2 protein chains.
Amino acid sequence: MSKPCIICVAITGSLPRKSDNPAVPVTVAEQIESAQAAFEAGAAIVHAHVRDADQNPTSDPERFARLKEGVVKYCPGMVVQFSTGGRAASGKDRGGMLSLRPDMASLAVGSNNFPTRVYENPPDLVDWLAGEMRAHAVKPEIEAFDLSHIFKAAEMNADGRIPGNVYVQFVMGVKNAMPADRAVFDFYIETTKRLMPGAEWCAAGIGANQIVLNEWVVAAGGHART
Amino acid sequence: MSKPCIICVAITGSLPRKSDNPAVPVTVAEQIESAQAAFEAGAAIVHAHVRDADQNPTSDPERFARLKEGVVKYCPGMVVQFSTGGRAASGKDRGGMLSLRPDMASLAVGSNNFPTRVYENPPDLVDWLAGEMRAHAVKPEIEAFDLSHIFKAAEMNADGRIPGNVYVQFVMGVKNAMPADRAVFDFYIETTKRLMPGAEWCAAGIGANQIVLNEWVVAAGGHART
Ligand SMILES: [Zn+2]
Ligand SMILES: [Zn+2]
Ligand SMILES: [Zn+2]
Ligand SMILES: [Zn+2]
């Protein structure tokens, strides 16, 4: 029996607006509709960001609550994953929606550069977010923007801050962070297997990198993202 | 003819005080004396941090100037490398001493976590520091705290922001950044050679890691640090 490949759909993404692509779902109603279409096409996880009335990223728990409610209603069994990324809010506001008990949430465990700024995930915030996820039975998806983030996840797994088998996402193609490099991708997998033998992994590529990463990750026994 | 191994001595380090170890040189006079002792023992580069009157890290150009003057006088031919690290100052103050034209200066090209905070090296500051180094003919030593920093150095080398053959230091053993891991060390070298065939490399290990890294790096054809 072959191992199933999990497809995660990132319906909205952290930044795009209607002016970038009119098909981007930005209202909660559009997002539920979009999640349902992907669910019916085979996606098992919906990775969710929400937008305010001006289409700007927000961590507003009320919007996340309505989104979760809609996905539960229209996509029975679909895994709901909330983003706790730093574009929508800063500090503990990034995790204010974790008490809604989504099935999963993204968790950055280190800091790195983004195209024009520092993506700040200070150690105490990482610990706080991980604690909130444990408290609300939320499974983290570790966002590995660089190699040391895999080591940090393994450390947190070993001491119980990230319980159970770790789910890691390799993020590649972000300017000023890690490019989509095949040798690095292979080393990421090798390192993940070595440090966390029970881990599962997927990969997110920025823009045109996603299709390349999906080929690599599926061939390597990982999970895909669209 | 075998290739010489360059020994770089970090006489003061970024944080230690007399209360940690009475032998740590904290005044400029002590630092010059310490550099001279290392120079006579075979060190070719002095990696320098300066301290204020309370032994706190500072980027005070006046102290750096006196230190450089002393090293030039008592250690003829020794390469002077100033730290532009983020513990002594923030923003452009970190590079205020570059106009003193040290032979070399450290240059972080990415961000990462430190034990209790984010080590912030935003892209525009990295570019500004690299520009100051070019303007004053200062050779950068790239501080690679994580794998993506090697890619960033290669990118900056390719477009001329870091001219010539790149000198990279792998920094390992910093809590919440990259641990001293042998497989990563080997991959760092492999990646450096692949992306920057003309590069030279050395390694800095925090505390007890230094002696381990020196064994690894010298055996691999790199340069040592004490
Ligand atoms: Zn996301
Ligand atoms: Zn809570
Ligand atoms: Zn230093
Ligand atoms: Zn200048």
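Source: prediction; values computed, not measured. Protein chains get the first letters and strands the later ones, always in sequence-line order, with residue 1 at the start of each.
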Step through the atoms of chain A and chain B and list each donor-acceptor pair whose separation is under 3.5 Å.
from: A:S111; atom 1: OG; to: B:N113; atom 2: OD1; distance (Å): 2.5
from: A:N113; atom 1: OD1; to: B:S111; atom 2: OG; distance (Å): 2.5
from: A:N113; atom 1: ND2; to: B:N121; atom 2: O; distance (Å): 2.8
from: A:N121; atom 1: O; to: B:N113; atom 2: ND2; distance (Å): 2.8
from: A:D146; atom 1: OD1; to: B:L147; atom 2: N; distance (Å): 3.4
from: A:D146; atom 1: OD1; to: B:S148; atom 2: N; distance (Å): 3.0
from: A:D146; atom 1: OD2; to: B:S148; atom 2: N; distance (Å): 3.3
from: A:D146; atom 1: OD2; to: B:S148; atom 2: OG; distance (Å): 2.5
from: A:L147; atom 1: N; to: B:D146; atom 2: OD1; distance (Å): 3.4
from: A:S148; atom 1: N; to: B:D146; atom 2: OD1; distance (Å): 3.0
from: A:S148; atom 1: N; to: B:D146; atom 2: OD2; distance (Å): 3.3
from: A:S148; atom 1: OG; to: B:D146; atom 2: OD2; distance (Å): 2.5
from: A:K152; atom 1: NZ; to: B:N176; atom 2: OD1; distance (Å): 2.5
from: A:N176; atom 1: OD1; to: B:K152; atom 2: NZ; distance (Å): 2.5
from: A:D181; atom 1: OD1; to: B:R194; atom 2: NH2; distance (Å): 2.9
from: A:D181; atom 1: OD2; to: B:R194; atom 2: NH1; distance (Å): 2.9
from: A:D181; atom 1: OD2; to: B:R194; atom 2: NH2; distance (Å): 3.3
from: A:R194; atom 1: NH1; to: B:D181; atom 2: OD2; distance (Å): 3.0
from: A:R194; atom 1: NH2; to: B:D181; atom 2: OD1; distance (Å): 2.9
from: A:R194; atom 1: NH2; to: B:D181; atom 2: OD2; distance (Å): 3.3

The interface call for B:V184 against chain A, heavy-atom contacts under 4.5 Å, is both
- Message: Atom CD1 of residue position B:I211 - does it have more than 12 heavy atoms of other residues, nucleotides or ligands inside 6.0 Å?
- Response: no
If one checks every heavy atom of A:A177 against chain B at 4.5 Å, the contacting part turns out to be backbone
Applying side-chain contact (heavy atoms from CB on, under 4.5 Å) to A:A65 and not counting sequence neighbours gives A:L100
Between B:F114 and A:P123, the two heavy atoms sitting closest are O-CG, 3.5 Å
